[in-house]
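Note on naming: letters A, B, ... go to the chains in the order of the sequence lines (proteins, then strands), and numbering restarts at 1 for each one.
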There are 4 protein chains.
Amino acid sequence: MSEIETIQAYYAASLGKDGQITKTQQRILAAALALFAEKSYEEVGTREIADRAGVAEGTLFHNFVNKNGILDAIMQPIMQNILPTMLNTLDQAVLDGDSQTLDAFIVALVTDRVAFAERNQESLAVILSQFFNNEKDRAAVMGMVSPEILAQANVVMDRLKTAGELVDWPNRMILQLLFSTLGGYLVEKVLYPDLNQLDTKQTVRYLSDFLVNGLSPRRMPLHVD
Amino acid sequence: MSEIETIQAYYAASLGKDGQITKTQQRILAAALALFAEKSYEEVGTREIADRAGVAEGTLFHNFVNKNGILDAIMQPIMQNILPTMLNTLDQAVLDGDSQTLDAFIVALVTDRVAFAERNQESLAVILSQFFNNEKDRAAVMGMVSPEILAQANVVMDRLKTAGELVDWPNRMILQLLFSTLGGYLVEKVLYPDLNQLDTKQTVRYLSDFLVNGLSPRRMPLHVD
Amino acid sequence: MSEIETIQAYYAASLGKDGQITKTQQRILAAALALFAEKSYEEVGTREIADRAGVAEGTLFHNFVNKNGILDAIMQPIMQNILPTMLNTLDQAVLDGDSQTLDAFIVALVTDRVAFAERNQESLAVILSQFFNNEKDRAAVMGMVSPEILAQANVVMDRLKTAGELVDWPNRMILQLLFSTLGGYLVEKVLYPDLNQLDTKQTVRYLSDFLVNGLSPRRMPLHVD
Amino acid sequence: MSEIETIQAYYAASLGKDGQITKTQQRILAAALALFAEKSYEEVGTREIADRAGVAEGTLFHNFVNKNGILDAIMQPIMQNILPTMLNTLDQAVLDGDSQTLDAFIVALVTDRVAFAERNQESLAVILSQFFNNEKDRAAVMGMVSPEILAQANVVMDRLKTAGELVDWPNRMILQLLFSTLGGYLVEKVLYPDLNQLDTKQTVRYLSDFLVNGLSPRRMPLHVD
DNA sequence: TATGAATGAGATTTCATTCAT
DNA sequence: GATGAATGAAATCTCATTCAT
């Protein structure tokens, strides 16, 4: 699992010699993740985390610099995965395959991200919550979108446009629509996991279909006055 | 203005004799709104609100039951507007006009909601933040979607489907896609007001076009294996 | 009393409108001073201070930024008095009088500082303790010796040397000896107030006599091999 | 070496079989001494000591009963040396030599103590700091002045007075002036080792000269009204 | 009505010390 | 003997709320 590797890389300082997350750290992170997802970061106390993790309060601070350090340890690995992977997929789909079609690209993207969301519901709930709460975390999330990645994304979109596969709108708008559609799915998944009656395959089909049709070049533009 | 009426209804007890919001209350609400939008409810202290409003801390508690009461006074009016209006629009667009087309409906909806978002950026930022942070506020938002409104929405969508104007997907999925697209716009608008380079008219055009194309009935379905 | 004025000037921010230290602040400072003098800053808890002052713990932080802010409020006024006053005395004694003698100067200086120590035993105990404990407070004390004051002191000493009233040693050494003699008195006074059997007048006489004889120009130098 | 013997006596239990201080103990003491001199006992944590010493935190407690035990191990040897030696010197100077002069006595005393201070700067800084901070350590230091030693000192001073070599003041005052002058030197040496521009020989000369002149019998007393 | 000093429960964090390995 | 993860008591500080003026 790439996420676990990422955590290891990021928190090497506080990990055991062999580069493993310790049992205690796992228990703390698991307890905190569950609580942060249930309530919110601010509403969860360190005492509560320690209790749920079955360790002493001091142990939290032996293993993480801060209460905030625990939050970071939960968010960082996901944040370092979500966007890079997204754009990687995008890259692969277009460069590798013979079929340089919007179809292929979008299906690949949606499939991947939907699977990702399903695997990481709790962490994503925490990240979502922080994203909307805190200018700094928001900046951190946006900071993941490095200029290189953006440039890469632009290249891909420009190619698809040239190939007549993508509607000729500003790239930023296209990205926004892409994110919106995936994000909307994510939000429902994360906040109301129980409501979800459609299976994954079907969901991927709808989202992809919606995006492909929404972003294909137009035969005749809509008129708004 | 429905907002003012709502606040009045909610805080009738503490309003001036003439049933108006007092100057002091206005200053407190304005200060709190600005601060809650900048940071988050939890990160803003009552001291800070009082300072920004230019009143004493105690004055907050003469005018509102609670710190939470201030938040409520900010959220309530918007929450009682946003969804009802949305569905109203939907209703009007379809029932009133001769042109019972997806075009007409979506353009009307998008135009209205985009204008609404532009007028209420700060309040929406607060609501967004609370929505993702606080189970109860989330429930409150979702509670606005009363069964009747949902039923109404379903009627509209079914009609459009029958008229061959709307793709034949589950209504919940269609609603999700609608919300996603509008919500994505909202999020960008609200969190990154400075980034926005497209003017409103153009934005409405793109969003509408995207939705119409994405939700029109298919000639040939996309194949996913 | 110039000390009280100084406190007011320095802590104007946290004082009442009329520039007075409030009753509460007085009680907190008195309690803290007594405790810091008894034990040491580190060994005294905020709970303890609050209890002794008869206020709630939170009240401390309502009136002072910090636990350290309380310490500052105790130390600063003394620190802003002790050295300036010392050198002022020195200045007046030499410049004003006709008798520009070492006698006059030293008697004035010793008299003044001994009286000062007697009035401010507790505060001086706290400052002494901090001076030896903490690089920063030490720097703060030394920071009081502004270049101008030092220059002034040098002028005075040079004049006395020229007048054949002062031994021709490096000024720094002379200052050190002056401080040592006064400081030694201070330490005994502050740490063992009960031991003191000599009255103030007598003490001034001994210290002055010792200094005058020790710092008068030599007839025949001592030989050390 | 009397210091090592003292540590051995005090920590006999935790010493190696051969009664020697172990390498580990040396490293811990060295690290702690440096840190206590830099900051203060209270401000230095056991973690910090362990880090600087290059051992585990637990190791501290295998070698010393306490954090306080480390401090004791640093202070005890000096404390058992400083006063006894001082008074020993005093004794020798007067009893042994033919020249029972104040000169001889003071030069011997100053020379010895200045050399001592130069050798033990760091430890003395720690002791100074503790002396002013901690009632118990202060008592311990003063406890070193046993009645016998005091009696001995009084004998010496009385002899010098009888010989017309020492001013006829109360012995306690004379002792205080002696301590002040040496202490003032010590403080400067210990707190501002870098400021010191005079060499040791010169310093001894000044201090001795100052003391001899200050404490010689007067021809005509100073008049203070 | 408005004030702002006072409150005290509760939050996070530190740190000397223990103990299983 | 050495380790270092775990401990938990205690310390400092925050903050919504109350209440006398």
Side-chain angles (χ1 to χ4, degrees), chain A residues 14 16-17 22-25 28 42-50 53-70, chain B residues 14 16 22-25 28 42-51 53-70, chain C residues 14 16-17 22-25 28 42-50 53-70, chain D residues 14 16 22-25 28 42-51 53-70:
Chain A
S14 47
K17 298 169 200 164
T22 64
K23 270 266 166 67
T24 306
Q25 283 166 339
I28 292 171
E42 311 264 6
E43 285 166 334
V44 175
T46 50
R47 171 90 85 103
E48 208 174 352
I49 299 172
V55 299
E57 218 171 342
T59 304
L60 301 189
F61 297 90
H62 190 71
N63 285 279
F64 301 91
V65 270
N66 252 344
K67 183 189 170 193
N68 204 60
I70 299 176
Chain B
S14 48
T22 64
K23 270 268 163 66
T24 306
Q25 285 166 337
I28 292 171
E42 308 267 7
E43 282 166 336
V44 175
T46 49
R47 171 92 86 106
E48 209 174 352
I49 299 173
D51 281 354
V55 300
E57 220 172 339
T59 306
L60 302 188
F61 297 89
H62 270 281
N63 286 277
F64 302 91
V65 271
N66 248 342
K67 183 191 171 191
N68 204 58
I70 300 175
Chain C
S14 47
K17 298 168 198 163
T22 65
K23 271 263 167 66
T24 307
Q25 284 166 339
I28 292 170
E42 311 264 6
E43 283 165 336
V44 176
T46 50
R47 172 89 87 100
E48 208 174 353
I49 299 172
V55 299
E57 216 171 344
T59 303
L60 301 189
F61 298 92
H62 189 70
N63 285 279
F64 301 91
V65 271
N66 251 347
K67 183 190 170 191
N68 205 60
I70 300 175
Chain D
S14 47
T22 64
K23 270 269 163 66
T24 304
Q25 286 166 336
I28 292 171
E42 308 266 7
E43 282 168 335
V44 175
T46 50
R47 173 92 85 106
E48 210 174 351
I49 298 172
D51 281 355
V55 301
E57 220 172 340
T59 305
L60 301 188
F61 296 88
H62 269 281
N63 286 277
F64 301 90
V65 271
N66 249 341
K67 183 191 172 192
N68 204 58
I70 300 174

Using atom [atom1] of [X] as one end and atom [atom2] of [N] as the other, report the distance to the nearest whole Å.
{"X": "Gln25(A)", "N": "dG4(F)", "atom1": "CD", "atom2": "C1'", "result": "13 Å"}
{"X": "Asp51(B)", "N": "dT3(E)", "atom1": "CG", "atom2": "P", "result": "12 Å"}
{"X": "Arg47(D)", "N": "dT17(E)", "atom1": "CZ", "atom2": "P", "result": "15 Å"}
{"X": "Phe61(D)", "N": "dA20(E)", "atom1": "CZ", "atom2": "P", "result": "17 Å"}
{"X": "Asn68(A)", "N": "dT13(E)", "atom1": "CG", "atom2": "C1'", "result": "14 Å"}
{"X": "Glu57(A)", "N": "dG10(E)", "atom1": "CD", "atom2": "P", "result": "14 Å"}
{"X": "Leu60(B)", "N": "dC19(F)", "atom1": "CG", "atom2": "P", "result": "17 Å"}
{"X": "Glu42(A)", "N": "dT14(F)", "atom1": "CD", "atom2": "P", "result": "15 Å"}

Exercise. Per the atom types in the model, does the base of dT7(F) pair as donor or acceptor with the side chain of His62(A) at under 3.5 Å?
Worked result: no

Problem set entry | Among dT7(F), dA5(E), dC13(F), the nucleotide that comes nearest once only the side chain of Lys67(C) is considered | dC13(F)

Problem set entry | Thr59(A) side chain, from C-beta outward: closest of dA16(E), dT3(E), dA6(F) | dA6(F)

For this session: Specify the residue among Ala56(A) and Gly54(D) whose closest nucleotide of DNA chain F lies further upstream toward the 5′ end.
Result: Gly54(D)

For this session: Could you say whether Thr24(D) or Val55(A) is positioned toward the 5' end of DNA chain F, judged by the nucleotide with the nearest heavy atom to each?
Result: Thr24(D)

Problem set entry | Complementary nucleotide for dT17(F) - Watson-Crick or wobble, under 3.5 Å | dA6(E)

For this session: Quick one: closest heavy-atom pair of Glu43(C) and Glu48(C), and the distance?
Result: O-OE1, 3.9 Å

Exercise. Between Ile28(C) and Phe64(C), which heavy-atom pair has the shortest distance, and what is it?
Worked result: CG2-CE1, 3.7 Å

Exercise. For Thr46(A) and dT12(E), is the shortest distance between a side-chain N/O and OP1 or OP2 below 4.0 Å?
Worked result: yes

Exercise. According to a strict under-4.0 Å criterion, is Asn66(D) in side-chain N/O contact with OP1 or OP2 of dT17(E)?
Worked result: yes

Exercise. Just wondering, do Ile70(C) and Asn66(C) contact through their side chains at under 4.5 Å, heavy atoms?
Worked result: no

Problem set entry | Sugar-phosphate, base or nothing in reach of Val44(D), heavy atoms under 4.0 Å | sugar-phosphate

For this session: Please work out if Gly45(D) contacts a base, only the sugar-phosphate, or nothing of the nucleic acid, heavy-atom cut-off 4.0 Å.
Result: sugar-phosphate

Exercise. Roughly how far, to the nearest 0.5 Å, is the OG1 atom of Thr22(D) from the NE2 atom of His62(D)?
Worked result: 12.5 Å

Exercise. Would a distance-only check, ignoring hydrogens and angles, find a side-chain to backbone donor-acceptor pair under 3.5 Å from Lys67(C) to Leu60(C)?
Worked result: no

